[in-house]
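Below you'll find the structure, written out as structure tokens, and then a few comments.
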Amino acid sequence: MGRLFVITLEGNIYSCKYCKTHFGLADHIMSKSFQCKHGKAYLFDKVMNVTLGEKEERMMLTGMHTVVDIFCVGCGSIVGWKYEAAQEKDQKYKEGRFILERFKILGPDGSNYSILQDAQLGRSDTDEP
């Protein structure tokens with residue numbers, strides 16, 4: 001394996017909760033109203049310091065999507081997914097965008113996120129149990 005290059009960001013940074021690798025800036029967030037199986041998730045228009053998994057079709061609450069899981073380049077933890085394609089016209093805006101699961105990242109102030117904060121919300125964006 002080659003040398004690992006990690007981009008260091010400045011500003012209001014979201015980072016890996018395990019190794020502190022930077023993923024994106026608060027300015028890159030398109031929406032904070034997404035859900036995943038661990039609670040809240042944020043839609044980013046761009047992220048860095050991630051690697052992509054294999055493409056797969058997933059049925060989500062908003063319909064069928066082609067997605068790839070995204071992994072932290074620092075520690076290899078899965079931190080969310082990237083939307084490659086959406087079947088429904090009203091979901092096309094997600095294509096090329098990234099979901100970071102709030103439970104797996106640190107906020108700009110270093111805050112961690114607890115599943116208990118969302119215990120009352122119920123279902124996730126994916127239909128997995």
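Each residue takes its place number in the sequence, starting with 1.
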Check: S77 side chain, V79 main-chain N or O, donor-acceptor pair, under 3.5 Å: no

Distance (rounded to the nearest 0.5 Å) between I7 CD1 and H22 NE2: 11.5 Å

Separation of K17 NZ from I105 CD1 (nearest 0.5 Å): 10.5 Å

Flag if over 12 foreign heavy atoms under 6.0 Å of NZ, K46: no

Contacts of H65 that satisfy ring pair (Phe, Tyr, Trp, His ring centres under 6.0 Å) - sequence neighbours left out: Y83

Distance (rounded to the nearest 0.5 Å) between L100 CG and Y42 OH: 10.5 Å

Non-hydrogen atoms of L9 and M48 that approach each other most closely: CD1-SD, 3.7 Å

All ring pair (Phe, Tyr, Trp, His ring centres under 6.0 Å) counterparts of F23, not counting sequence neighbours: none

With L43, the side-chain contact (heavy atoms from CB on, under 4.5 Å) member among H28, K32, M30: M30

Chi angles and distances behind the side-chain contact (heavy atoms from CB on, under 4.5 Å) call for K82, V50: CA-CA 10 Å; K82 178 182 179 186; V50 296; over 6 Å; no

Would you list the atom pairs, donor with acceptor, under 3.5 Å between side chains in residues 67-75 and any protein atom, with sequence neighbours excluded?
unit_1, atom_1, unit_2, atom_2, d
D69, OD1, R58, NH1, 3.3
D69, OD1, R58, NH2, 2.5
D69, OD2, R58, NH2, 3.0

Spacing of L25 atom CG and Y14 atom OH [to the nearest 0.5 Å]: 10.0 Å

For K20 against S15, the heavy-atom pair lying closest together: O-CB, 3.6 Å

Pairwise distance CD(Q35) to CE(M60) - rounded to 0.5 angstrom: 13.0 Å

I13-L106 co-clustered via ILVMFWY side chain contacts under 4.5 Å: no

Heavy-atom closest pair, residues C36 and E101: SG-OE1, 3.4 Å

Residue pair E57, Q87: steps toward the side-chain contact (heavy atoms from CB on, under 4.5 Å) verdict: CA-CA 10 Å; E57 298 292 320; Q87 301 295 329; 4.0 Å; yes

Candidate list E88, K89, K94, E95, test side-chain hydrogen bond (donor to acceptor under 3.5 Å, both in side chains), partner Q91, passing option: K94

Side-chain donor/acceptor of K40 to backbone N/O of F103, under 3.5 Å: no

Approximate separation, where rounding is to 0.5 Å, of L52 CG and F98 CZ: 6.5 Å

